[in-house]
Structure formats: C-alpha cells, structure tokens
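Just so you know, ligand 1 is whichever comes first in the structure, and atom 1 is the first atom listed for that ligand.
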Amino acid sequence: MKKVSAKKHLGQHFLNNQSIAENIVNQLEFKNKNILEIGPGMGILTQFLYKQEVNLQVIEIDKESVFYLRLNYPELKIIEGDFLKLNLQELYKNKISVIGNFPYNISSQILFKAFENRDKVTELVGMFQKEVAERVASVKGKKKGILSVLLQAFYDIEYCFTVEENVFTPPPKVKSGVIKLVRNKRKKLDCDEEKFIQIVKSGYNQRRKTLRNSLKPFTLKTNKEIEILLQKRAEQLDVEDFIIITKSVQ
Ligand code: SAH
C-alpha cells in the first residue's frame, strides 16, 4: 500500500526500524490498561501495542495517516485531531500510559500537558530530540531546564537510549533520545504549587544570574540555608531546594 508522504509542518519523520520500535514499546511497564499513543503515523509503534490486552487509543492529526491506519488496523480506536487540544480528564476516568515517537515541534507542549495532567498520566515513554530528552532526564548541570525540574518533582525519569538519524524517513537533522517517565509517590508538593512553578520559571528564565537576582520580584523570608541557595544559579538547585525557597516566599 502507498506510504504516507512526510509533511514537514507536522514534524513527520517516520521510524523505519522494527527492532527499535519494539524496543521503545518494551520500555512501557504497562502500569495502566489505558494506553494512548500520540502521533502514530503509519503505526510502527502501534503494531506492537495493537495485539496486547490493553485499551489502546491513538490520536493523529494527519488525515493521510488516519486513512492509512484505518485500512491497516481496522479495529484501532483512532481519534482524529490535535493532542494538545485533547481533554484527557474528560476522555479518561482512570489513569493512562502515554507513548509516542513525538512530533518534535510540539515536544515541550506535550510534556507540559503531561505535567498538568500528572494525576492521570502515570507513565510516559517517548522519543524526543536527543537534546530535549537529555534535558528532561538531567538531574544536575547546564542541561537542566524548567521542564526538568517540574517533571522531576512528580516523575522518576530515565534516559533509555539514543536513536540515530538514519533510521527515519526522512532523517531528521538531529539525533533522538527515548525517555521514560513514571509517576512517583509524591501527591502534592510540600509548598504552594503555583508559587513553586513561578519560582522555577523565574530562576530559569534568567539562568545565568544567581537566584538572588533572578528572584528579585519575590519577597523572601531568608535564613542561612536560603541565603546559601540564593547565591547559586537555578541549574544548581534540585526539586527540594526549590521547595525550600518557595516556602520562604512571603
Ligand atoms: N510514530 C510515527 C510517526 C512519528 S512523526 C513513527 O514513529 O513513525 C510524528 C507524528 O505525529 C506524525 O504522524 C504527525 O502527523 C503526528 N502529529 C503531529 N502533530 C500532532 C498533534 N498535534 N497531535 C497528534 N498528532 C500529531
């Protein structure tokens, strides 16, 4: 059957290596019966999920891919649309596992959406640009970013493996990385969550500055411990440090 033609604006790079696809699916621990695949394209990952005893749904924005999937996987539950507009709370009563070789142009938005729905999305396995994958999984140092801290607060994150450019049609310009996020035991942060997000964002938006400077707009009740943290830059802090600072916001 005629293959789907790759469309750049939809971030389409089709994986063409079966064993890598199988390996990605195998990263799922199947913690939930509900599995949602984002952007299945021609179904290279889907084929390994399709026959399992799970409640599988896929969401695909591209009409041509949807047409292809309907022919090849007649029983597959396909939502034709934009994952970013999908209401997960309405769609699922129970928890879900999310998987995908994601479109790289919306990878941060996909991760933010998982974060926002963290009580539904308890497992996520996905392929991203290598740089994004490394940043999300990175616990220390320059690679860390806002998303790393926010996600690491609620998920255990593992960098699984790197995928080379030449296993995609067409090949992307950069390498890819597969990561796995599993919801941790933390129900809530031990501080005001909105403030926590604001503090992390402010710290990272001026990441070269010390926190004393980047957090100027906030009034903090400081003590010795906080003074030491304020001399550092955002990337030097972990989740617990940010919680300590957030608690000191007046
Ligand atoms: N998983 C397939 C395709 C990866 S390319 C493979 O590994 O070969 C990314 C896929 O995401 C494409 O099929 C693209 O059409 C789809 N996509 C892009 N933006 C999307 C969105 N907002 N919502 C759902 N799917 C999207």
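Per-residue contacts place G11 under 4.0 angstrom from the following atoms of ligand 1 (heavy atoms of the residue considered): 5 (S), 9 (C). Listed by number with element, the atoms of ligand 1 under 4.0 Å from a non-hydrogen atom of Q12 are 5 (S), 12 (C), 13 (O), 14 (C), 15 (O). Close approach of ligand 1 to F14 (heavy-atom distance below 4.0 Å) involves ligand atoms 3 (C), 8 (O). Listed by atom number, the atoms of ligand 1 under 4.0 Å from G81 heavy atoms are 23 (N), 24 (C). The distance from ligand 1 to the heavy atoms of I59 drops below 4.0 Å at these ligand atoms: 24 (C), 25 (N). Applying the 4.0 Å criterion to heavy atoms of D62 picks out, from ligand 1, the atoms 15 (O).
Exactly one of N94, N34, N32 qualifies for a side chain to side chain donor-acceptor pair (under 3.5 Å) with T122. That residue is N32. For the pairing with T46, the side chain to side chain contact (heavy atoms under 4.5 Å, CB included) check across I78, I99, N72, V58 returns one residue only, V58.
Where the criterion is an N or O separation shorter than 3.5 Å, residue side chain and backbone included, N101 meets it with respect to ligand 1. Checking only distances, F102 never comes within under 3.5 Å of ligand 1, N or O to N or O. For ligand 1, the polar-atom distance check finds an N/O of L15 within less than 3.5 Å of one of the ligand's N/O atoms.
Among protein heavy atoms, the minimum distance from atom 19 (N) of ligand 1 is reached at P103 CG, 3.5 Å. Closest to atom 10 (C) of ligand 1 among all protein heavy atoms lies G39 O, 3.5 Å. Scanning the protein for heavy atoms near atom 23 (N) of ligand 1, the closest one is F83 N, 3.0 Å. Of the protein's non-hydrogen atoms, the one nearest atom 2 (C) of ligand 1 is P40 O, 3.3 Å. Among protein heavy atoms, the minimum distance from atom 21 (C) of ligand 1 is reached at D82 OD1, 3.7 Å. At the shortest separation from atom 15 (O) of ligand 1 among protein heavy atoms lies E60 OE2, 2.5 Å. The single protein non-hydrogen atom nearest to atom 18 (C) of ligand 1 is L10 O, 3.2 Å, given as residue, atom name and distance. Protein heavy atom in closest approach to atom 20 (C) of ligand 1: I61 CG2, 3.6 Å.
Inspection of the N213 and Q206 side chains reveals no N or O donor paired with an N or O acceptor under 3.5 Å. For the residue pair Y92 / Q57, a side-chain donor-acceptor distance below 3.5 Å is found, with atom types taken as modelled.
The closest approach between any non-hydrogen atom of I106 and ligand 1 is below 4.0 Å.
Here I44 has side-chain heavy atoms under 4.0 Å from ligand 1, and that is the only part of it that gets that close. Only the backbone of H13 comes within 4.0 Å of ligand 1, judged by heavy-atom distances.
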Step-by-step side chain to side chain donor-acceptor pair (under 3.5 Å) determination, K77 to N55: CA-CA 9 Å; K77 287 190 235 163; N55 175 27; 2.5 Å; yes
Checking E227 against R212 for the salt bridge (Lys or Arg N to Asp or Glu O under 4.0 Å) test, could you report, in this order, the C-alpha distance in whole Å, the side-chain angles of both residues, the deciding distance, and whether it holds? CA-CA 8 Å; E227 286 298 329; R212 186 181 308 289; 2.9 Å; yes
Working for salt bridge (Lys or Arg N to Asp or Glu O under 4.0 Å), residues E225 and K247: CA-CA 12 Å; E225 187 184 23; K247 279 176 155 170; over 6 Å; no
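A 6.0 Å sphere centred on CD of Q250 holds more than 12 heavy atoms belonging to other residues, nucleotides or ligands. No more than 12 heavy-atom neighbours from other residues, nucleotides or ligands sit within 6.0 angstrom of CD on E131.
Taking the six-membered ring where the residue is Trp, Y104 and H13 present parallel rings, their angle staying beneath 30° rather than reaching 60°.
Without hydrogens or angle criteria, Q27 side chain to I24 main chain gives no donor-acceptor distance under 3.5 Å.
For the pair Q152 and D238, the minimum side-chain heavy-atom distance is 4.5 Å or more.
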